[in-house]
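Throughout, protein chains are lettered first and strands after them, A, B, ... in sequence-line order, and every chain is numbered starting at 1.
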2 protein chains.
Amino acid sequence: MNATADRILDAGQELIQTGGFSAMSFQDIASEVGIRKPSIIHHFPTKAELGVAIIRRYRDTFAAQLQQISEDPAKSSWDALEFYFSPYLFLASTPDKVCLCGALAGEIPVLPEVMRVEVKQFIEAHQRWLEEILREGVERGELMLIDSSKSLSRVIFNSLQGSLLVRRSTEDVSQLKEIINAMRKLVKSESSIQQIR
Amino acid sequence: MNATADRILDAGQELIQTGGFSAMSFQDIASEVGIRKPSIIHHFPTKAELGVAIIRRYRDTFAAQLQQISEDPAKSSWDALEFYFSPYLFLASTPDKVCLCGALAGEIPVLPEVMRVEVKQFIEAHQRWLEEILREGVERGELMLIDSSKSLSRVIFNSLQGSLLVRRSTEDVSQLKEIINAMRKLVKSESSIQQIR
DNA sequence: GACAAACTACCTACCGTTCGGTAGTTTTTA
DNA sequence: TAAAAACTACCGAACGGTAGGTAGTTTGTC
């Protein structure tokens, strides 16, 4: 729609993912986009409303991609899981950047109320979806879980968020990829289980 | 040593664990301790130095407790692991509060350089220690790992950090305890393995 | 009396936000 | 169809508030 508004959202999201919402300022965004501070307020009246807009755009984009995968009959539960990992694998190549939801979750107590609600809904949706992939995978006999789908979905989600957080503090750049490999081991496909037997 | 200095560190740590370093202010600490803002600066000249002092105290206390456990010949690797979990189990009863290292890791890019160094060293030490518990447990034949000690230590550490982060956004208050239970399943003691066989 | 600890008062820098205003485009209306 | 009205995008200047930090002074204690 509006090019400027989108560029503001882009710059804002980038800043949240690298430094957090508190550290993100209108001035930073203005410098990045190439406009003046009050012009941002013209598009997004308050910082809280800008934050909400960033979350909603992210969530809607993600939800649309999920929908596309789940509606494709050619895709297995394993494919869906790999798709779930893909954003994190992408983040693996951009050091010092975390998932948007993880960055915001870390600031929940100091976030404006409207944003808190938005973050909670997003994270809950994120967890529910992963649980559903696992549950359906077991039901179809495509996945072999080491634990219950609910428990394992929590472990995987938390591990991914945690590793994005922690890797910024370690020199070990491949840690995120290793974690994803470890997560794959916790969710074995039937074929690889048969190989082990 | 000094009562006031310790109370400043206490209040500061509490504020970092709930809202992060950026959101922690001298004014907040002063109000909490019951003194004026410049009095804090009398004890800790800059915010960065205060941050470093908080991290160092936390790390030293933790390291001392670790030492105590590892030197006790009566304690098994399983006991050591349970001790490793204990701070997280304690945090489970204090909602909206995360581990100090997790809170700071989330702000790495906007932290003063002196603090970044401190945080990195702390987290690396934390990971190394967990890996050592697991490695030694396998060596002694006390633990049965589902993956390599290095890989599994990363999964566990990241899961713990991640779940502290994420739980603030979910109504599910027992999630942290469930995660720790799931982690226990990934590290089975020999006796429980034999029960399964 | 010496020294640390706490104070009052103040500084600069930056925050989100508001205000008043300027172009240029679109819509309404006679 | 042409003038009037409204709207969009942006701007400079300034607001109240708060941040971290400084200078100088008083208070309490050995």
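- Applying the 4.0 Å criterion to OP1 and OP2 of D:dC10, one finds that A:His42 has every side-chain N and O outside that range.
- With respect to the salt-bridge test (charged N to carboxylate O, under 4.0 angstrom), the residues A:Arg154 and A:Glu131 qualify.
- In this structure, B:Ser39 does not reach the C:dA5 phosphate: none of its side-chain N or O atoms is under 4.0 Å from OP1 or OP2.
- The phosphate of C:dA4 (OP1 or OP2) has no side-chain N or O of B:His43 nearer than 4.0 angstrom.
- Taking all atoms of both residues into account, the shortest heavy-atom contact from B:Ser159 to A:Asn158 is O-CB, 3.6 Å.
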Check the pair A:Gln161, A:Tyr88 against side-chain hydrogen bond (donor to acceptor under 3.5 Å, both in side chains), reporting the backbone distance first and the verdict last.
CA-CA 9 Å; A:Gln161 298 303 325; A:Tyr88 297 94; 2.9 Å; yes
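- A salt bridge links B:Arg135 with B:Glu139; the closest basic N to acidic carboxylate O contact falls under 4.0 Å.
- For DNA chain C, no neighbouring residue in residues 105-117 of chain B is found when judged by any heavy atom under 4.0 Å.
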The test is side chain to side chain contact (heavy atoms under 4.5 Å, CB included); show your working for B:Val110 and B:Glu107 and say whether it passes.
CA-CA 6 Å; B:Val110 293; B:Glu107 298 181 278; 4.0 Å; yes
For a quick check, with a 4.0 angstrom heavy-atom cut-off, what is the B/S/- contact string for nucleotides 14-19 of chain C, read 5' to 3'?
-SBBB-
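- With rounding to whole Å, A:Phe44 atom CZ is found 11 Å from D:dA9 atom P.
- The CD1 atom of A:Ile29 sits 16 Å away from the C1' atom of D:dC10 (whole-angstrom rounding).
- The main-chain N or O of A:Asp79 is found under 3.5 Å from a side-chain atom of A:Ser76 such that the two form a donor-acceptor pair.
- Using a 4.0 Å cut-off between charged side-chain N and carboxylate O, B:Glu136 and B:Arg140 make a salt bridge.
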Can you build the contact string for nucleotides 25-30 of chain D? Use B for base contact, S for sugar-phosphate-only contact, and - for no protein heavy atom under 4.0 Å.
------
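- In plain terms, the two heavy atoms of A:Met115 and A:Ile55 that are nearest each other are CE-CD1, 4.1 Å.
- If you chain together hydrophobic residues whose side chains sit under 4.5 Å apart, B:Leu100 and B:Val117 never meet in one group.
- In terms of heavy atoms, A:Thr170 sits closest to A:Gln175 at OG1-NE2, 3.9 Å.
- Checked for salt-bridge contact, A:Arg184 and A:Glu82 meet the test: a charged N lies under 4.0 Å from a carboxylate O.
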